[in-house]
Every structure is written in C-alpha cells, then in structure tokens.
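Position 1 is the first residue of the sequence, and the numbers go up from there.
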Amino acid sequence: MRIETDSMGEMQVPEYAMYGASTARAVENFPVSDLRFSREFIRALGRIKQAAATVNSSLGKLGADQAELIAQVATEVADGRWDDEFVVDIFQTGSGTSTNMNANEVIAHRCALVDSSITVHPNDHVNMGQSSNDVIPTAIHLAAADLLVHELLPALRHLLKEIEAKAGETMDAVKIGRTHLMDATPITLGQEISGWARQIELGIKRLESTLPRIIELAQGGTAVGTGLNTHPDFGRLIAVELSKSYGIEFCEAANHFEAQAAQDAAVELSGQLKTVAVSLVKIANDVRLLNAGPRCGIGEITVPAVQPGSSIMPGKVNPVIAESLAQVCAQVIGNDAAIAFGGASGLLDLNVMLPMMAHNLLESERLLASASRMFADKCIAGLAANRERCADQIEWSMSMVTSLAPVIGYDRASKIAKQAVSEGKTVRQICMEEGVLPEAELDSLLDPASMLAPHA
C-alpha cells in the first residue's frame with residue numbers, strides 16, 4: 001500500500017493502483033455491490049477528458065504540453081486500457097463525483113508515468129473547466145447515444161429485415177387467426193408476422209425520435225448550470241470535439257439548468273426502450289405459442305432447435321431463444337421503473353441518482369441490442385411454417401362460419417357453429433348435411449383465401 005492525500009486527508013491506496021486517495025475513499029465508503037460502470041460509460045469519460053484538454057488548450061487555459069499529454073492518456077482510457085482501474089461501485093454519491101475523480105486520478109497518475117517532467121493535477125488540469133455535475137450527465141448522453149446509434153438501432157434494423165423476409169416467405173401460408181386465444185377467422189402466417197415487423201419498425205422510429213434530446217450535452221454548466229470557472233465557449237467547443245470522436249452531431253444543452261437539474265431525456269429514452277421491450281415480448285410469446293407442441297399444441301410453426309430442452313425428457317426441444325429474449329425484456333422494463341424513479345428524484349439544481357440511471361439505461365440498450373440480434377439470427381431466420389398443420393386447423397375451426405353470416409344471417413350461422421362443436425364436425429360438414437347452401441356457393445364462401453382481405 002502507499003499513502004496518498006486528498007482534501008480530506010491521507011488514504012491508503014494499493015501500491016500499483018492508477019487511482020488516488022479520492023477513489024480509494026469511495027471504494028471504502030461504498031461497498032454495496034459488484035456493479036461498476038460499463039465500457040461505454042468509461043469510454044465517454046475518456047472522450048470528455050480528451051476533448052476538455054484540447055479545448056482548454058485552444059482557449060489558452062492549459063499549456064500545450066499538458067493538454068497533449070492529458071489527451072494522449074485520456075485516449076487510452078477511452079480505448080479501454082485502464083478499465084480495471086475504475087473501481088467505484090455504481091451505488092455511490094448521486095452525482096457520480098467519485099467516478100469523475102476516479103477518471104481524473106487515473107489520467108493524472110498515468111501522465112506522471114508517461115512524462116514526469118510535465119505537471120498534471122487531477123483537479124487543476126484534468127478536471128479544468130468541469131464539474132462532476134456536468135461531466136456525468138454528459139457521459140450519460142454520450143454513452144446512450146453511442147449505444148443507440150451504433151448498436152441498438154442497427155440490431156433492430158437487422159431484426160426488422162429478418163422478420164420482413166419471413167413475412168414475405170409465409171404470406172401464402174393460410175392459417176386460423178386467434179383472438180382471446182380462441183379460433184377466429186383465417187389469416188396468413190405472413191400477415192401475422194407482418195404485424196411483428198411493423199412493431200419493430202415503429203420501435204425504431206420511437207427510439208430515433210429521442211435523439212434530438214439525447215444529443216444535448218450538459219458540459220459547460222459546471223457546478224449548478226451557471227458555467228462558473230469555465231470559458232463561455234467551452235460547452236460549444238466540447239460538443240464539437242465530441243461530435244468528431246463519436247460521429248454523432250452533439251450540441252451544447254439549450255439550457256444548462258435543465259440539463260443538470262433533470263434527466264428527462266434519459267427517462268424519455270428509457271420509456272421508448274421499454275416500449276420496444278414490450279413489443280419484443282409480444283413477438284417472443286407469439287413465437288412460443290405458434291411453436292407449441294410440436295404434436296399436442298398449436299404447432300403452426302417450427303423454430304430452430306438450438307439445444308436439448310430437458311434433462312429428463314429425451315428429444316424435447318424448447319423455444320429457448322424466445323425465452324431468453326422475454327427475460328431480457330423483463331429486465332429492461334424493470335430498469336425503466338428504476339430510471340423513472342431516479343428521474344423523478346431530481347432535487348433543485350442537480351439530479352442525484354445519476355450513477356444508477358446511467359447503469360440501468362446503458363444496460364437496457366446493450367441487452368436489447370444483443371437479444372435482438374440473437375432473436376433474428378437464431379430464431380426468426382430459421383422459423384418455418386408447418387403448412388399442412390395450418391390447413392388442417394382452418395377446416396376444423398368453427399369460426400369459418402363467419403363468412404356465411406352475411407348470407408344466412410348471424411343467428412343461423414351461430415347455431416351451425418355450436419352444432420359443429422357439439423357433434424365434432426366441421427362447419428362444412430354441417431352445412432352439407434343440412435343443405436344450407438348450394439355446394440358451389442358454400443365452397444366459395446368457405447374458401448379461406450377469400451377471407452383474407454375486405455371485399456367491396
């Protein structure tokens with residue numbers, strides 16, 4: 001161990017740790033969980049420190065040698081070289097100050113190792129023109145936008161492409177529709193799947209709609225939004241630098257007081273992530289129901305067999321990919337509840353639930369991105385229609401009588417449906433036996449293909 005000091009005094013720090021006293025103090029004070037900030041969040045911190053050094057140098061606030069060294073080391077942080085040095089628990093001070101200082105100390109310590117002739121102080125130089133109160137909200141938006149633009153939206157577009165392709169392949173596979181889990185009028189499997197595609201398409205649009213708020217960055221507001229101890233152009237120039245780093249057009253917050261006192265943009269994004277999760281649960285459950293059986297259930301589709309389904313029942317195969325997706329969605333929905341509570345807990349000039357909100361938001365994006373690709377590749381792509389099974393179930397459905405109602409009347413059609421069920425016969429058999437309609441007209445009305453769209 002070595003002894004280091006911060007504003008509160010001395011602390012013992014592990015001999016080879018890159019961090020200093022403030023970080024060690026936080027490790028001691030917050031032994032809550034094994035949860036730490038994610039790769040995307042640490043990347044964002046590195047990018048902020050890199051951009052801040054560059055901008056402070058251009059504004060004449062920081063020496064060129066100091067700025068170049070800080071930017072070099074901050075890039076190492078952004079690239080993941082020092083992730084193991086970010087040791088503070090997620091459940092820490094609500095502003096994330098401990099993690100901001102973790103970054104400042106790691107960068108300053110590493111700078112001393114790279115070039116000890118250049119003085120770099122964690123607060124005076126690495127944190128110049130910044131406060132944890134604008135750094136952490138900025139990091140949340142950077143990391144969330146990064147995951148959204150570069151991971152989640154591409155994953156959902158990939159899933160959409162696979163679902164649309166499957167809808168096209170099965171548009172001629174006529175099956176029975178089901179409402180209330182009961183037989184309804186015919187539909188094609190492709191029509192049913194096209195509903196899934198539209199859900200994902202709308203989910204993509206909903207997520208894209210949040211970007212104008214997510215790209216606003218709090219940086220430049222410092223402690224309470226006034227920008228004390230930083231240059232008036234700092235926030236704007238930081239946004240320019242970070243836009244270059246991420247390939248996303250970021251901008252300075254329109255109102256720094258809102259950007260630090262509230263986290264409404266994060267709440268909004270989380271709400272849309274929840275909506276996507278709800279859509280995906282619906283799709284996953286449809287797959288599970290349609291695949292049920294294979295011999296004693298609905299069995300209208302078959303999903304790829306990816307692993308044994310039972311330790312006791314030989315040959316059993318379960319829809320495990322859909323089950324995995326549903327569990328992910330449950331986690332995302334739970335994360336949203338925590339994020340909403342966190343967003344509602346802003347107090348005066350700062351939200352003090354930032355680390356928890358950051359962790360849950362980024363986890364939701366990562367989980368949905370990974371699970372969407374898994375579902376697309378390991379379930380939807382290999383999903384197959386059991387056409388013979390679909391055709392058999394249509395003929396047995398009492399709801400086939402619906403197409404007769406405009407011709408013979410609702411009451412008589414209802415009587416035929418009940419009779420078919422009670423006698424264990426098809427609607428067609430009852431109608432033929434009782435001479436309800438001429439055979440040719442009956443065949444035309446009971447043709448499932450004639451029931452798939454409106455008629456003039």
Side-chain angles (χ1 to χ4, degrees), residues 37-55 58 71 74-80 83 96 100 103 129-130 134-160 201 203-221 233-256 258-260 262-273 275-276 339 354 357-370 372-373:
F37 277 108
S38 66
R39 171 88 283 277
E40 298 82 13
F41 193 87
I42 298 171
R43 179 190 300 130
L45 287 175
R47 293 295 181 210
I48 291 168
K49 302 303 176 180
Q50 174 192 18
T54 301
V55 170
S58 72
T75 300
E76 294 178 357
V77 170
D79 291 345
D83 282 4
N100 183 39
Q130 306 151 61
D134 61 358
V135 167
I136 300 301
T138 296
I140 293 174
H141 280 220
L142 289 175
D146 183 21
L147 278 170
L148 181 59
V149 171
H150 297 127
E151 297 292 337
L152 179 53
L153 287 173
L156 289 172
R157 292 184 188 114
H158 175 61
L159 175 58
L160 175 60
E201 180 184 10
I204 290 169
K205 292 180 184 297
R206 290 184 180 105
L207 290 171
E208 289 174 335
S209 74
T210 67
L211 276 169
R213 272 76 66 197
I214 291 295
I215 61 172
E216 286 197 24
L217 303 181
Q219 207 67 57
D233 291 333
F234 184 76
R236 176 181 63 81
L237 294 175
I238 279 276
V240 171
E241 288 297 317
L242 291 170
S243 297
K244 296 175 189 174
S245 297
Y246 281 93
I248 299 170
E249 196 65 31
F250 292 105
C251 63
E252 183 178 4
N255 184 293
H256 283 283
E258 179 275 337
Q260 292 175 213
Q263 281 296 304
D264 293 349
V267 173
E268 178 189 11
L269 174 56
S270 179
Q272 299 297 19
L273 294 171
T275 303
V276 170
I339 291 167
L354 298 179
M357 293 181 73
H359 173 74
N360 283 5
L361 183 66
L362 302 182
E363 180 182 68
S364 291
E365 290 183 280
R366 278 195 312 276
L367 287 174
L368 285 175
S370 298
S372 294
R373 288 195 178 276

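Listed by first then second residue, pairs satisfying salt bridge (Lys or Arg N to Asp or Glu O under 4.0 Å) with a partner in residues 358-368 read Glu40-Arg366, not counting sequence neighbours. Sorted by first and then second residue, the salt bridge (Lys or Arg N to Asp or Glu O under 4.0 Å) pairs involving residues 237-256 (not counting sequence neighbours) are Glu241-Lys244. Residue pairs meeting the side chain to side chain donor-acceptor pair (under 3.5 Å) criterion with at least one partner in residues 141-155, sequence neighbours excluded, are Arg43-Asp146, Asp146-His150. Pairs engaging residues 204-213 under the salt bridge (Lys or Arg N to Asp or Glu O under 4.0 Å) rule: Arg157-Glu208, Arg213-Glu268 [sequence neighbours left out].
Nearest heavy atoms, Val77 versus Gly46: CG1-CA, 3.9 Å. Here the shortest heavy-atom pairing between Ala239 and Leu217 reads CA-CD1, 4.2 Å. Counting all heavy atoms, side chain and backbone alike, Ala218 lies closest to Asp134 at O-CB, 3.5 Å. Annotation for Ile214 and Ala266: closest pair CD1-N, 4.4 Å, computed over non-hydrogen atoms. Between Ser209 and Gln272, the closest heavy-atom pair is OG-NE2, 4.2 Å.
A search for side chain to side chain donor-acceptor pair (under 3.5 Å) contacts involving Thr75 returns Gln50, not counting sequence neighbours. Residues satisfying the side chain to side chain donor-acceptor pair (under 3.5 Å) test with Asn100, not counting sequence neighbours, are Lys49, Asn127, Ser132. With sequence neighbours left out, Asp83 forms a side chain to side chain donor-acceptor pair (under 3.5 Å) with Arg39. Here His359 pairs with nothing under the side chain to side chain donor-acceptor pair (under 3.5 Å) rule; sequence neighbours left out. With sequence neighbours left out, the side chain to side chain contact (heavy atoms under 4.5 Å, CB included) criterion links Ser372 to Ala155, Leu156, Leu159, Leu280. Remark: Ala253 pairs with Glu216, His256, Ala259 by the side chain to side chain contact (heavy atoms under 4.5 Å, CB included) rule, at least two apart or across chains. Legend: residues meeting side chain to side chain contact (heavy atoms under 4.5 Å, CB included) with Ala358, ordered by chain and number and at least two apart, are Phe37, Phe41, Ile140.
Between Val276 and Leu152, every side-chain heavy-atom pair lies at or beyond the 4.5 Å cut-off. Side-chain contact between Gln130 and Ile48: present, with at least one pair of heavy atoms (C-beta onward) separated by less than 4.5 Å. Here the side chains of Val55 and Val240 are not in contact, with every heavy-atom distance at 4.5 Å or above. You'll find the side chain of Thr210 reaches within 4.5 Å of the side chain of Leu148, heavy atoms only. Within the 4.5 Å cutoff, side-chain heavy atoms of Ile136 are placed close to those of Leu45.
Within the model, atoms CD1 of Ile204 and CG of Leu160 stand 5.0 Å from one another, a figure rounded to the nearest 0.5 Å. Summarising the geometry, atom CG belonging to Leu242 is positioned 8.0 Å from atom OG1 belonging to Thr138; distances are rounded to the nearest 0.5 Å. Between the CG atom in Asp264 and the CG atom in Leu269 there is a gap of 12.5 Å [rounded to 0.5 Å]. To the nearest 0.5 Å, the span separating CD on Gln219 from CZ on Arg236 amounts to 14.5 Å. Within the model, atoms OG of Ser243 and CG of Leu142 stand 9.0 Å from one another, a figure rounded to the nearest 0.5 Å.
Distance alone, capped at 3.5 Å, places no donor-acceptor pair between the Asn360 side chain and the Ile339 backbone.
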